[in-house]
Amino acid sequence: MRAILKVLPLLAFISALLLTPSAASLLRRAKNKTMSAKPFKVLITHPEVPQSGIDLLEACELVRVESLPPKRSELLQKIRGVDGILWAGHEALNAEALDAAGPQLKSISTMSAGIDYVDLDEVKRRKIPLGHTPMVLDNAVADLAVGLLIAAGRRFHEGRKKIETDKWENYHLNWMLGQDVRDSVVGFYGFGGIGQAIAKRLSGFDIDQVLYTTRRRIDRETEKELNAKKVDFDELLAKSDFVVIAAPLTAATQGVFNATAFNKMKNTAVLINIARGKIVNQNDLYDALKSNRIFAAGLDVVDPEPLPPNNKLLTLDNIVILPHIGSATNRTRSDMATIAAHNVLRGLAGERMLSPAY
């Protein structure tokens, strides 16, 4: 029963996608409401949006940003007069862009789960429906997070550097010892869909317990299934062998992992961040890793992105840094494009989006 309850939200989401009206049907409804014979004009803000999303929008007049990386000047020029936008990438979606589009804009969907680059208050003020693409990337990000956790805890990066510098010193009995996942306490700062997907995977590694810090307690069935307990932030830091950041970036979470937080962690602790770079004070993280105040870190997100190649974090042995590739699988990208396109079409038709952002 617990397993069924666990997947109900995802099953409901998939069912909604399967049962959603066809693109042609949605467009007919939209046309009937607007009494317009002209096709809707939809902007695609990135030239590499998967074809699965483009195909759903083919009955619209598509306008595409063609520069790579996308130039904001081109985006602002091509956004004029559009009815809908499939917003791919993390370019700022703000008043400047909305003003350039014009008052006829009816529907926007990002092709991402996080929307910290969106001026949500401005979108709400203009009463424009906004969609995003959560849940479909949970599994891909969770897989990568487990990989980061193991790679950082078992010193993969440092080991590779030992090979490259001819310092393979395996004649030492205690050489390159890392941290065990087995019997460990894993703490989650943020415990939504991605965090729970990570915890579910880690249960196969025979971890001891899951701790989590969130504003609201999750349901008790899921707590029991994952052997999870809600605790305050200080207890999470003090008791966790691995700390996984899986919270959205907000004013309250920005910079919360700083020197004060690192000083409360075990010196054997491993920090994993698959959320947003700005949640971590990277200068303080560098100091904590350099001084071995904490054991290691694994990051898929940094600040800024791209990270300059001369950034001091890259000089450390006890850190694994990836270039924000958590959702970067063929299947996940295609699913994100599909859902974003459905969101746009539903917004044009005046119907509730598959995954509204508010």
Side-chain angles (χ1 to χ4, degrees), residues 6 9-10 90 110 112-118 120 132-149 152 184-203 207 209-223 225-258 260-262 264-265 269-282 284-285 294 297-303 305 322 324-327 355 357-358:
K6 175 71 176 171
L10 182 56
H90 291 172
T110 70
S112 65
I115 54 171
D116 48 282
Y117 54 91
V118 178
L120 193 56
H132 63 153
T133 60
M135 288 189 286
V136 293
L137 50 73
D138 289 2
N139 288 330
V141 176
D143 291 347
L144 179 132
V146 173
L148 264 181
L149 185 148
S184 66
V185 175
V186 182
F188 289 85
Y189 182 72
F191 202 49
I194 292 175
Q196 291 173 37
I198 298 168
K200 183 177 181 180
R201 284 155 173 75
L202 289 175
S203 65
I207 62 173
Q209 187 179 25
V210 167
L211 304 177
Y212 69 94
T213 297
T214 56
R215 286 180 298 174
R216 291 182 292 274
R217 184 178 178 181
I218 65 171
D219 68 271
R220 299 192 180 210
E221 287 291 324
T222 303
E223 280 190 340
E225 177 188 351
L226 298 176
N227 190 24
K229 177 183 178 183
K230 186 178 185 301
V231 297
D232 63 31
F233 187 44
D234 284 351
E235 185 174 351
L236 181 90
L237 296 173
K239 292 185 176 179
S240 298
D241 299 296
F242 297 88
V243 176
V244 180
I245 303 173
L249 175 63
T250 66
T253 64
Q254 183 168 341
V256 72
F257 280 86
N258 53 24
T260 300
F262 298 136
K264 295 176 180 178
M265 292 170 64
V270 176
L271 179 73
I272 304 299
N273 188 7
I274 45 81
R276 285 293 184 263
K278 287 183 181 292
I279 296 175
V280 175
N281 182 313
Q282 288 181 178
D284 290 354
L285 176 61
I294 63 174
L299 312 177
D300 186 42
V301 289
V302 289
D303 178 40
E305 294 181 0
L322 300 178
H324 202 157
I325 55 173
S327 64
S355 51
Y358 67 88

| CA sep, side-chain torsions, deciding dist, call: Ile245, Val301, side-chain contact (heavy atoms from CB on, under 4.5 Å) | CA-CA 10 Å; Ile245 303 173; Val301 289; over 6 Å; no
Evaluate the side-chain proximity of [Y] to [X]: yes if any heavy-atom separation is below 4.5 Å, no if none is.
X	Y	answer
Ile279	Leu249	yes
Gln196	Ile218	yes
Val280	Asp303	no
Asn139	Arg201	yes

| message | Measuring from atom CG of Leu271 to atom CG of Leu149, what distance do you get when rounded to the nearest 0.5 angstrom? | response |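 Atom-to-atom, Leu271:CG and Leu149:CG are 10.0 Å apart.
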| Those residues that, when tested against Phe242, pass ring-ring contact (aromatic ring centres under 6.0 Å, His included) (two or more places apart) |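 Phe242 satisfies ring-ring contact (aromatic ring centres under 6.0 Å, His included) with no residue once adjacent residues are dropped.
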| task | With sequence neighbours excluded, give me every salt bridge (charged side-chain N to carboxylate O under 4.0 Å, His left out) pair touching residues 237-253. | result | Glu235-Lys239, Asp241-Lys266
| task | Please answer whether the main-chain N or O of Val186 pairs with a side-chain N or O of Ser184 as donor and acceptor at a distance below 3.5 Å. | result |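 Answer holds: no.
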| field | Expected output: side-chain Thr214 to main-chain Gly192 donor-acceptor under 3.5 Å | value |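 No.
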| When you check the gap from the basic side-chain N to the acidic O, do Lys230 and Glu223 get nearer than 4.0 Å? |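 Between Glu223 and Lys230 there is no salt bridge, as every charged N stays at least 4.0 Å from the carboxylate O atoms.
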| request: Might you point out which heavy atoms bring Arg276 and Asn273 nearest each other, and give the distance in Å? | output: O-ND2, 3.1 Å
| message | Which label fits Phe257 and Phe233: parallel for a plane angle under 30°, tilted from 30 to 60°, or perpendicular past 60°? | response |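 Correct class here is perpendicular.
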| request: For the pair Arg216 and Phe191, evaluate side-chain contact (heavy atoms from CB on, under 4.5 Å) and give the outcome as yes or no after the intermediate values. | output: CA-CA 10 Å; Arg216 291 182 292 274; Phe191 202 49; over 6 Å; no
